[in-house]
Amino acid sequence: MRLAFIGVGHMGGPMARNLLKAGHDVRAFDLSASVLEPLISAGCRRAANANDAMQNVEAVLTMLPAGQHVRSVYLENGVLASAAPGTLLIDCSTIDIDSARAVHRAAETAGFDFLDAPVSGGVGGAEAGTLTFMCGGSESAFERARPILENMGKRIVLAGGAGAGQAAKICNNMLLAISMIGTCEAFVLGEKLGLDPQKLFDIASTSSGQCWSLTTYCPVPGPVPSSPANRGYTGGFASALMLKDLKLAQAAAQYAGAPIPLGAEAAQLYALLAAKGLGDLDFSAIIRMLRGEA
Ligand code: NAD
């Protein structure tokens with residue numbers, strides 16, 4: 001297919017490469033030349049701006065930092081104004097539900113199929129083509145998007161109508177943050193009680209305390225050799241990005257009138273970690289703060 005890709009940073013870059021590898025013709029645009037140039041060398045066509053990216057394409061994908069960028073690219077900088085009738089619009093950024101719904105409404109009014117399709121899986125998943133896409137929009141938009149998304153991910157799910165992809169992403173990541181903080185607290189308490197961390201892992205991972213934060217991203221080195229704790233909390237899912245998602249959960253909870261006391265507490269703890277200069281570390285590094293090290 002003839003595709004446009006706008007926003008080719010840490011995530012969008014490898015995603016666009018996988019579309020190229022699958023044989024698509026990709027027009028790429030990014031405000032930053034340093035991320036655009038390697039893609040042009042890899043075979044993407046260069047677009048001078050968002051308008052230009054939309055010329056002669058059947059679908060556009062966007063992977064931008066936040067809601068304001070998505071609103072700007074779709075509503076002000078020309079994606080909706082310059083897309084040919086019938087162009088499929090897919091936004092893979094993680095953004096606030098309000099912005100996602102605003103772009104949905106504008107796209108629908110202009111007669112376009114639009115899908116909010118945030119991802120989980122991080123840069124590793126983007127490179128390996130194993131992302132999970134959580135989609136919000138109509139079934140027909142989803143069925144049109146599925147074959148494109150399958151080139152970049154292994155799990156493509158329709159979560160519901162407009163904004164449901166963002167809602168699923170926000171709820172999942174809030175749960176992940178809370179479970180990670182709980183896991184870290186358990187290990188810190190265990191340490192203070194003289195419990196061997198491996199013993200605690202062996203017992204909790206096969207008992208009712210079992211969760212992904214424990215069995216895949218174990219916050220102490222040793223029990224799960226591939227977890228970021230074994231490499232000084234580098235790589236993995238940056239605390240700063242977790243904080244971004246927790247702030248989106250706060251905004252969504254206010255908008256929807258939902259009480260999320262533990263989500264609010266988690267946001268405060270990750271804000272504190274970022275204030276201590278540790279926002280680049282994996283989100284399991286919150287254990288360092290609970291130990292009083294950071
Ligand atoms: P990034 O900053 O590396 O990439 C975003 C790119 O968008 C940048 O290259 C920037 O120059 C470009 N951009 C900004 N405004 C633009 C505009 N108006 N026109 C064209 N390009 C523009 O960020 P990222 O890590 O790739 O994340 C992108 C999105 O994916 C975010 O919403 C993030 O929350 C989400 N996400 C990231 C990860 C991760 O591990 N990095 C995981 C899951 C989801």
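Closest of all the heavy-atom pairs between C135 and A117 is SG-CB, 3.9 Å. Contact record, F112 with G86: CE2-N, 4.1 Å, taken as the closest heavy-atom pair. Considering every non-hydrogen atom in both P223 and Q198, the closest pair reads CA-OE1, 3.5 Å. Between P228 and S284, the shortest heavy-atom distance links the atoms CB-OG, 4.4 Å. The minimum heavy-atom distance between G163 and A100, with the atom names listed, is CA-CB, 4.5 Å. Contact detail for A59 and I148: the closest heavy-atom pair is CB-CD1, 3.9 Å.
Counting only distance, with no hydrogens or angles, the side chain of Q166 and the backbone of S93 share a donor-acceptor pair below 3.5 Å. Looking only at distances, no side-chain donor or acceptor of K244 sits under 3.5 Å from a matching main-chain atom of A66. Not one N or O on the side chain of N18 forms a donor-acceptor pair closer than 3.5 Å with the backbone of M152. The closest donor-acceptor contact from the side chain of D113 to the backbone of L88 lies at 3.5 Å or more, if one exists at all. Panel note: side chain T62, backbone I6; no donor-acceptor pair is recorded below 3.5 Å. Remark: the backbone N or O of S227 is paired with a side-chain donor or acceptor of N230 at under 3.5 angstrom. At distances below 3.5 Å, not a single donor-acceptor pair connects side-chain atoms of R27 with backbone N or O atoms of A47.
Side-chain atoms of D245 and M174, non-hydrogen and from C-beta on, never get closer than 4.5 Å to each other. K169 is not listed as a side-chain neighbour of L248, based on a closest heavy-atom distance of 4.5 Å or more.
In this structure, the ring of F114 has its center less than 6.0 angstrom from the ring center of Y74.
Atom OG1 of T215 and atom CD of Q210 lie 5.0 Å apart (nearest 0.5 Å). Taken to the nearest 0.5 Å, the CG atom of N49 stands 8.0 Å off from the OG atom of S82. Within the model, atoms CG of L89 and NE2 of H104 stand 10.0 Å from one another, a figure rounded to the nearest 0.5 Å. Going from atom CD1 of I90 over to atom CZ of F5 covers 9.0 Å, rounded to the nearest 0.5 Å. In this structure, CE in M11 is found 5.0 Å from CG in L131, a value given to the nearest 0.5 Å. Atom CG of L64 sits about 9.5 Å away from atom SG of C92, to the nearest 0.5 Å.
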Let me have the donor-acceptor pairs involving side chains of residues 180-194, under 3.5 Å, with sequence neighbours excluded, atom names and distances please.
| from | atom 1 | to | atom 2 | distance (Å) |
| --- | --- | --- | --- | --- |
| T183 | OG1 | S179 | O | 2.7 |
| E191 | OE1 | R291 | NE | 2.9 |
| E191 | OE2 | R291 | NE | 3.4 |
| E191 | OE2 | R291 | NH2 | 2.9 |

Less than 3.5 Å apart, which donor and acceptor atoms pair up between the side chains of residues 254-279 and the rest of the protein, not counting sequence neighbours?
| from | atom 1 | to | atom 2 | distance (Å) |
| --- | --- | --- | --- | --- |
| Y255 | OH | R101 | NH1 | 3.0 |
| Y270 | OH | F283 | O | 2.8 |
| K276 | NZ | A294 | O | 3.3 |

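The neighbour count for E293 CD, taken as heavy atoms of other residues, nucleotides or ligands under 6.0 Å away, is above 12. Crowding of D202 atom CG: a count of heavy atoms from other residues, nucleotides or ligands under 6.0 Å exceeding 12.
Note on D282 versus R231: no salt bridge recorded, every NZ/NE/NH1/NH2 to OD/OE distance being 4.0 Å or above. Looking at R146 and E143, a side-chain N of the basic residue comes within less than 4.0 Å of a carboxylate O on the acidic one, giving a salt bridge.
Residues satisfying the side-chain contact (heavy atoms from CB on, under 4.5 Å) test with H24, not counting sequence neighbours, are M1, L3, L19, A22, V26, N151.
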